[in-house]
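Reviewing the structure listed below.
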Amino acid sequence: MEKVGRYSGVVGNMGSEDLDLLECLLRIDQNLSLDDRASAPLDRLVEGGLVDREDACLSLTTAGIERCRSLQHRIASDEEAAKVLAARGIALADIMSRK
């Protein structure tokens, strides 16, 4: 029987694309304006069923609310992981450079 490396996956911090999506979701949820840079992420959110767009009004769908929560949890998790690494004397930059 061949051994499979179960723990071979790399866990990385949340990328800038996910951060952009989160910012769009939060701005829509708080009824704040989006700037021109948000047009591509906004289109993806609408196509993905995370945001409803009626005329000029944007609102999160139930799935959008859940994705927003999930991304916020991911950020909190990344921050806690960075604290653990810092307590161990390991800089996050050191980990990222090993990829």
Side-chain angles (χ1 to χ4, degrees):
M1 186 165 157
E2 183 179 331
K3 282 191 171 186
V4 178
R6 283 183 48 211
Y7 300 104
S8 61
V10 176
V11 176
N13 278 344
M14 194 160 126
S16 61
E17 187 175 308
D18 284 336
L19 287 171
D20 290 344
L21 290 177
L22 176 59
E23 182 177 351
C24 285
L25 289 168
L26 288 172
R27 285 176 172 265
I28 291 166
D29 185 49
Q30 297 169 359
N31 204 22
L32 299 172
S33 63
L34 300 173
D35 61 32
D36 294 337
R37 296 173 295 166
S39 63
L42 177 59
D43 289 341
R44 287 182 36 224
L45 291 169
V46 171
E47 290 171 9
L50 302 176
V51 172
D52 282 330
R53 178 180 5 201
E54 291 190 29
D55 299 323
C57 296
L58 300 171
S59 62
L60 297 182
T61 64
T62 303
I65 292 167
E66 290 304 316
R67 178 64 57 88
C68 189
R69 287 180 184 159
S70 172
L71 291 171
Q72 287 174 317
H73 287 302
R74 177 71 192 269
I75 288 174
S77 173
D78 287 351
E79 289 172 350
E80 287 303 312
K83 289 177 187 175
V84 168
L85 292 174
R88 294 179 183 171
I90 303 170
L92 191 56
D94 294 340
I95 300 274
M96 300 307 285
S97 67
R98 293 185 215 163
K99 284 186 173 181

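Just so we're clear, the structure is a prediction, and the values are computed from it rather than from any experiment.
Note that CG of Leu60 and CG of Leu45 are 8.5 Å apart. Values are rounded to the nearest 0.5 Å. Between atom CG of residue Asp36 and atom CG of residue Leu42 there is a gap of 11.5 Å, rounded to the nearest 0.5 Å. To the nearest 0.5 Å, atom OG of residue Ser70 and atom CG of residue Leu25 are 10.5 Å apart. Between the CG atom of Leu32 and the CG atom of Leu58 there is a distance of 11.5 Å, given to the nearest 0.5 Å.
Using a cutoff of 4.0 Å between basic side-chain nitrogens and carboxylate oxygens, Glu17 and Arg44 are scored as salt-bridged.
For Glu80, the salt bridge (charged side-chain N to carboxylate O under 4.0 Å, His left out) test picks out Lys83, with sequence neighbours left out. Annotation: side-chain contact (heavy atoms from CB on, under 4.5 Å) contacts of Gln72 (sequence neighbours excluded): Leu22, Leu26, Cys68. Every residue meeting the side-chain contact (heavy atoms from CB on, under 4.5 Å) condition with Asp18, not counting sequence neighbours, appears here in chain and number order: Met14, Leu21, Leu71. The side-chain contact (heavy atoms from CB on, under 4.5 Å) test applied to Asp35 returns Arg37, Ala38, not counting sequence neighbours.
Within 6.0 Å of CD in Gln30 there are more than 12 heavy atoms belonging to other residues, nucleotides or ligands.
Listed by first and then second residue, the salt bridge (charged side-chain N to carboxylate O under 4.0 Å, His left out) pairs that reach into residues 59-71 are Glu66-Arg69, sequence neighbours excluded.
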Atom pairs and distances, donor-acceptor, side-chain atoms in residues 46-55, under 3.5 Å, two or more places apart:
unit_1, atom_1, unit_2, atom_2, d
Arg53, NH2, Asp43, OD1, 3.1

